[in-house]
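Heads up, the thing below is written out as structure tokens.
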Amino acid sequence: MADEDKPDTGPTCPEQMSATRRGFLGAMAVSAVAATAAALAPLKDIDDLPTLEEFLRQHYHELTPADKERLLERIKNQVEKEYGVRPNVTDPPPIPGVEFAYALNIGRCIGCRKCVYACMKENNHSRDPQMQYIRVLQMKKGSIDVETSDHNYEGEVPKDGFYYMPVACHQCRKAPCVKACPVKATWQEPDGIVVVDYNWCIGCRYCMAACPYFARRFNFEKPQIPKEELNPEMGLLSNRPRPKGVVEKCHWCLHRTRKGQYPACVEACPTGSRKFGNLLDPNSEIAQIIKTKRVYVLKEEVGTLPRFYYYFNV
Amino acid sequence: MSDLIGFVRRSAAELLDGDWRYVLWLSFLFAVSLVGLNAYCRQLVHGLTVTGMTDQVSWGLYIANFTFLVGMAAAAVMLVIPVYVYEDEVLHDVVILGELLAVAVIVMCLLFVTVDLGRPDRFWHMIPGIGKFNWPISMLSWDVIVLNGYLALNAYICGYLIYMAYLGQKPKKLWYLPAVFLAIFWAISIHTVTAFLYVGLGGRPFWNSAIVAPRFLASAFTAGPGFLILSLQIIRRVSPYKISDKALFMLRSIVQVSMVINVFLLFCELFKEFYTDSAHVASAKYLFFGLHGHHGLVPWIWTAMGLDAAALVLLMLPLSRSLKYLDLACLLAIAGIWIEKGMGLVIPAFIPTQLGEIVEYSPTRTEWFITWGIWAFGILLYTLLLKVAIPVLTGRLRRSSGSAAAETLQESGVACRSSH
Amino acid sequence: MTDEPGWARPAVVVGLALLAVGLWTGALGGPAEKRDAAPLDPKSYSTDTVRKVRKSMTFDGAPCQSCHEGKEALQGDPREKGIFHEAIKLQHGRNQHCFNCHHRLQPADFSNFDGAPIKLADVQLLCARCHGTTYRDWQQGSHGRRTGSWDSAKASKNTVCIACHEPHWPVFKPLQAAPPPQVNPHGGEQGGHH
């Protein structure tokens, strides 16, 4: 209102201002610059700035074989520098004629969580903050309502009146996470495994919102792996140490399974509840289980068509 | 071209000149922005662990603010429709102010999304052609297109109209009317697409409901014009720009209708959740009543309900024809909608998790600092845009200005006065 | 009405300067604590079977033949024959008779339906006598742990019955569960209910 009384004649030139006013203008500018510099000060501690090559790196599908070789070499060097162990990083392709599936016998699972820790050991998970792909639910007998489940049970297992249902990524045929990702950093491979390109993921976490099974994890900070427990057998899309700020999840140990081995969780289970194999091979135990056992999938109504089946023995 | 350079130089001079209130205001906003910048630098160094987010609640304060602000940006169109479609003269003068607000608010939205990214250095992966863009399948890819497009559209419209006003020329209809009509549809689309981000997720029953998109629009058209009502009063107090009360009351009727629809849709949602009482009600139960001993959000949502109800009552009463009460109603509505659409929409969908676990979320100090920093930066940006736009619109800042002093300025080619 | 107060611009300079100091010294929040990556407890991921499978049938280190020459069929209940086998506790459902499984003439072996001996190395054939469906599943790979390769064309190894099941007292003892999960990234347990 006061400005309506004064004639509005435009801005004043700096040269025509009084000396004190000019002085203040200068002082304000200096203090503004100093404050900005101070605000940016934490950046001096940054230790994982991407190199130019890393910054410009293309999506996994655009990499030439030479690019891949260079990338694998780079990872080997980085891991050696950080952990003192030279790893064997490979990028095994999917085997033609193979479609993986997984079955879990909840009639036998006792909830001992050996699978959880075997996975941690095999896949170079961060110990603190703790990264685990498998979550074992202690379910009340007679109900399949996960809301009544307990994730934090301790002590001796199995406990009376409960059954145990481990959950990890189901590598869905119609994966909501694959639909959600804005940059196609996660996709389903021909052998059924849904993979994440850790060099491409932008960390928006939309896939984590989309997943119906709490299967995906995020690296909120740099993973901490003890040097002496590093597993040097690594896969590019699986268990090589991941950077901060990207999403990861169970990948059915593709650095093992694409070479004919079982995933680590299958081999760890003391009750033999975990079954894995090639669904297209009628002689495999997984094909036989799907054919002969009483099998169901979690949250079937969401329409994800998982490759992970739960069954009861006999 | 020399006109354009002249415009830029004079705008820059305009930005640097203002009375002590202007300087204090800018310094305050600048300081808060710096605090936010500092907090963000720490987040860049340490990762998103500095926030309160977890694997279980993987989106938090940033996305909550983003969702609220996309609605505000869309609300600028609520002025455009009466002016350009119905050729209402009353709101004609304030349209640009609304569109400038949309520009500033969209910048805030983009900033909120950027600070939420785990790898902001990889933002280029989203650029179509250069990166790998999962369009049209991913709703986030649609969001990238519509938000940036809306920013470009509004920036173009405002830039063109203001520059034409500066030149003293009548803007050519062909150069801006198509953009304006496009902006009308685009404004609806930015908020619908943002709603669809949530709606399309079958694994989150709290979001997987068709009513989310209409609710988004209804709450946006309540909070946005409400914010404009408040901003316009501030503008006419600190600048010579004339804004009639009629314009404010036109906006009031928009807020009234939208608030009624918003509350009705809220009621629909509550009925569906609590009457059906299926397992899918868990998130709504957590939000309104607490679940299994966890009730972190209960005080928030009931405060929001109270604010919404109070705002609705005030708006429907003739009492709000007095500006004082209208302002109060707007403040109440904005606060209520910020809570119910921000924290009250984003967080409950993660609690309980898809596997029935409850991990509560509360933002850390760092998250608050970054949030306030972005808000301050957005308001700062709006202030600067207005600082140039208003002198142009009042006629002072023209290539050939009316007053003698300004003519002298223009003749001598300098940007500023040579005497007090 | 709006004469500029004298404190206005100095306040801005001082305020920004103080802010600079505050930000520089990290008064508005310092770096996060350093994390420690402790190794896992090997018991949590050990792939050992719950039982150790003996390589040969012995009692106290001595082979069965050192006491049982195998000239005549053993009779009676071995648990009533003094200090040698009295400590054996047997609760195998309705299978309460020692010589249902053990061979009367060759105690180092087990006996099949027709009295033919079954070697320790083929003990699954013994179990299959009664647990036929389980044996069928075990052969096929869906019962018990299998290691090696999922590829049926390649070799894989089924875990033998007695690596998990104690034949005299098959009821499993409970195992100690490995530790519960922590919230990523802030640690601690949350959301545990029931």
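Here is how names work: the chains are called A, B, and so on, in the same order as the sequence lines, proteins then strands, and each is numbered from 1. A quick note: this is a predicted structure, and the numbers were derived from the prediction, not measured.
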Subject >> L197(B) backbone acceptor or donor facing Y206(A) side chain under 3.5 Å >> reply: yes
Original post:
Using a cut-off of under 4.5 Å for heavy-atom pairs, which of C201(A), A41(A), P176(A), P129(A) has the most such pairs with chain B?
Top reply: C201(A)
**OP:** Under 4.5 Å, counting heavy-atom pairs only, tell me which of D121(B), T353(B), D143(B) racks up the most with chain A.
**Re:** D121(B)
Subject >> Option that, when pairs with chain A are counted at under 4.5 Å, heavy atom only, ranks first among W59(B), F133(B), W142(B) >> reply: W59(B)
Original post:
What's the spacing between D47(A) CG and H46(B) NE2 if we round to 0.5 Å?
Top reply: 9.5 Å
Original post:
When rounded to the nearest 0.5 angstrom, what distance separates CG in L201(B) from SG in C177(A)?
Top reply: 11.0 Å
Original post:
Can you say whether A210(A) sits under 4.5 Å from chain B via the side chain, the backbone, both, or neither, judging by heavy atoms?
Top reply: both
Subject >> Interface moiety of F350(B) toward chain A, non-hydrogen atoms closer than 4.5 Å >> reply: side chain
Original post:
Which bit of M165(A) is near chain B, if near means a heavy-atom gap under 4.5 Å: side chain, backbone, both or neither?
Top reply: neither
Original post:
Hey, is the main chain of P182(A) close enough, under 3.5 Å, to the side chain of W135(B) for a donor-acceptor pair?
Top reply: no
Subject >> N/O donor-acceptor pair under 3.5 Å between K244(A) side chain and L44(B) backbone >> reply: yes
Original post:
Do you know which of H61(A), R205(A), Q58(A), K184(A) has the most heavy-atom pairs with chain B at a distance under 4.5 angstrom?
Top reply: R205(A)
**OP:** Would you please classify the geometry between the W200(A) ring and the W124(B) ring as parallel, tilted or perpendicular, with 30° and 60° separating the classes?
**Re:** perpendicular
Subject >> Proximal component of L137(A), with respect to chain B [non-hydrogen, under 4.5 Å] >> reply: side chain
**OP:** Check whether F30(B) gets within reach of chain A through its side chain, its backbone, both or neither, counting any heavy atom under 4.5 Å.
**Re:** side chain
**OP:** Could you have a look at T51(B), L117(B), N134(B) and say which one has the most heavy-atom pairs with chain A under 4.5 angstrom?
**Re:** N134(B)
Original post:
Going through the checks in order, is the side-chain contact (heavy atoms from CB on, under 4.5 Å) test met by M53(B) and F218(A)?
Top reply: CA-CA 10 Å; M53(B) 293 188 276; F218(A) 184 68; over 6 Å; no
Original post:
For R135(A), is it the side chain, the backbone, both, or neither that has a heavy atom closer than 4.5 Å to a heavy atom of chain B?
Top reply: side chain
Subject >> Per-residue contact mode, V178(A) against chain B (heavy atom under 4.5 angstrom) >> reply: backbone
**OP:** Measure the shortest side-chain to side-chain distance between V167(A) and Q354(B) over non-hydrogen atoms and say whether it is less than 4.5 angstrom.
**Re:** no
Original post:
D55(B) side chain to R216(A) main-chain N or O, any donor-acceptor pair under 3.5 Å?
Top reply: no
**OP:** Please round to the nearest 0.5 Å and tell me the distance separating atom CD of E147(A) and atom NZ of K285(B).
**Re:** 7.0 Å
**OP:** Give, as side chain, backbone, both or neither, the part of V183(A) having an atom under 4.5 angstrom from any heavy atom of chain B.
**Re:** both
**OP:** Look only at the side chain of H125(B) and the backbone of A185(A), and say whether a donor-acceptor pair between them is shorter than 3.5 Å.
**Re:** no
**OP:** Give a yes or no on this: more than 12 heavy atoms of other residues, nucleotides or ligands lie within 6.0 Å of atom CD of E300(A).
**Re:** no
Original post:
With no hydrogens and no angle check, is any side-chain donor or acceptor of R122(B) less than 3.5 Å from a backbone partner on G203(A)?
Top reply: no
**OP:** To the nearest 0.5 angstrom, please state how far the OG atom of S58(B) sits from the CZ atom of F220(A).
**Re:** 6.5 Å
**OP:** For chain A, find which of L355(B), V45(B), L140(B) contributes the most heavy-atom pairs closer than 4.5 angstrom.
**Re:** L355(B)
Original post:
Within a radius of less than 6.0 Å around NZ of K68(A), do more than 12 heavy atoms belonging to other residues, nucleotides or ligands occur?
Top reply: yes
Subject >> Nearest heavy-atom neighbours spanning D116(B) and C204(A) >> reply: OD2-O, 4.0 Å
**OP:** Using a cut-off of under 4.5 Å on heavy-atom pairs, state which of G203(B), C41(B), S141(B), S33(B) scores highest against chain A.
**Re:** C41(B)
Original post:
Which region of K179(A), side chain (C-beta onward) or backbone (N, CA, C, O), has a non-hydrogen atom less than 4.5 Å from a non-hydrogen atom of chain B, or is it both or neither?
Top reply: both
**OP:** Report the distance from atom CG of L37(B) to atom CG of L43(A), rounding to the nearest 0.5 Å.
**Re:** 7.5 Å
Subject >> Separation between CE of M208(A) and OG1 of T54(B), rounded to the nearest 0.5 Å >> reply: 8.0 Å
Original post:
Where does V23(B) contact chain A at under 4.5 Å (heavy atoms): side chain, backbone, both or neither?
Top reply: side chain
Subject >> Pairs of heavy atoms under 4.5 Å with chain B: top-ranked of C181(A), P212(A), A209(A) >> reply: A209(A)
**OP:** Report yes if the side chains of R119(B) and P243(A) come closer than 4.5 Å at any heavy-atom pair, otherwise no.
**Re:** yes
**OP:** Determine the option with the most heavy-atom pairs under 4.5 angstrom with chain B, choosing from P50(A), A38(A), P42(A).
**Re:** P42(A)
